[in-house]
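See structure below.
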Amino acid sequence: MRIYTTNHPLDPEERAKGKATVRPVRIGSKVWIGGGAVILPGVEIGEGTTIGAGSVVTRSIPARCVAVGNPAKVIKRL
């Protein structure tokens with residue numbers, strides 16, 4: 001599993017200057033994140049949610065769900 005909190009500018013000159021922004025990741029209690037999943041900046045994963053192995057979480061996922069894929073999508077609500 002990889003959790004990223006830093007965004008880099010798309011503009012190459014800005015990126016070369018080392019500019020970046022940080023957005024927190026919030027993970028609720030009782031969350032299960034499968035192996036190899038990637039969690040991107042600014043995402044919130046709600047309590048009791050399961051993220052499938054290898055998923056790429058680009059947007060927040062609500063509580064008590066199963067989300068899988070790239071980008072991760074909710075496939076089941078618990």
Side-chain angles (χ1 to χ4, degrees):
M1 168 183 53
R2 292 163 281 175
I3 300 174
Y4 297 101
T5 59
T6 305
N7 277 329
H8 299 282
L10 295 176
D11 181 279
E13 286 76 27
E14 293 295 309
R15 196 170 46 241
K17 294 176 186 174
K19 293 190 176 184
T21 57
V22 176
R23 296 177 61 204
V25 169
R26 292 182 176 88
I27 300 174
S29 63
K30 302 178 191 171
V31 168
W32 184 268
I33 300 174
V38 176
I39 314 298
L40 295 182
V43 165
E44 183 170 343
I45 300 173
E47 179 178 343
T49 287
T50 298
I51 304 296
S55 296
V56 179
V57 183
T58 61
R59 295 183 180 175
S60 293
I61 305 292
R64 301 186 55 80
C65 291
V66 176
V68 299
N70 181 5
K73 293 181 182 167
V74 174
I75 61 165
K76 185 175 187 177
R77 295 189 184 270
L78 305 173

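FYI, the numbering just counts along the sequence from 1.
Its side chain within the 4.5 Å cluster rule, V66 clusters with V68, I75, L78 among the Ile, Leu, Val, Met, Phe, Trp and Tyr residues.
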Side-chain polar contacts of residues 11-24 - donor-acceptor pairs under 3.5 angstrom, sequence neighbours left out - could you list them?
| from | atom 1 | to | atom 2 | distance (Å) |
| --- | --- | --- | --- | --- |
| D11 | OD1 | E13 | N | 2.9 |
| D11 | OD1 | E14 | N | 2.9 |
| E14 | OE1 | K19 | NZ | 3.2 |
| R15 | NH1 | P9 | O | 2.9 |
| R15 | NH1 | L10 | O | 3.1 |

Acceptor/donor pairs from residues 26-54 side chains to any protein atom, 3.5 angstrom cut, sequence neighbours excluded:
| from | atom 1 | to | atom 2 | distance (Å) |
| --- | --- | --- | --- | --- |
| T49 | OG1 | G46 | O | 3.2 |
| T49 | OG1 | P62 | O | 2.6 |
| T49 | OG1 | R64 | N | 3.2 |
| T49 | OG1 | C65 | N | 3.3 |

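Linking ILVMFWY side-chain heavy atoms closer than 4.5 Å, directly or via other members, places I3 and V57 in a single hydrophobic cluster.
S55 approaches A72 most closely through the heavy-atom pair CB-CB, 4.2 Å.
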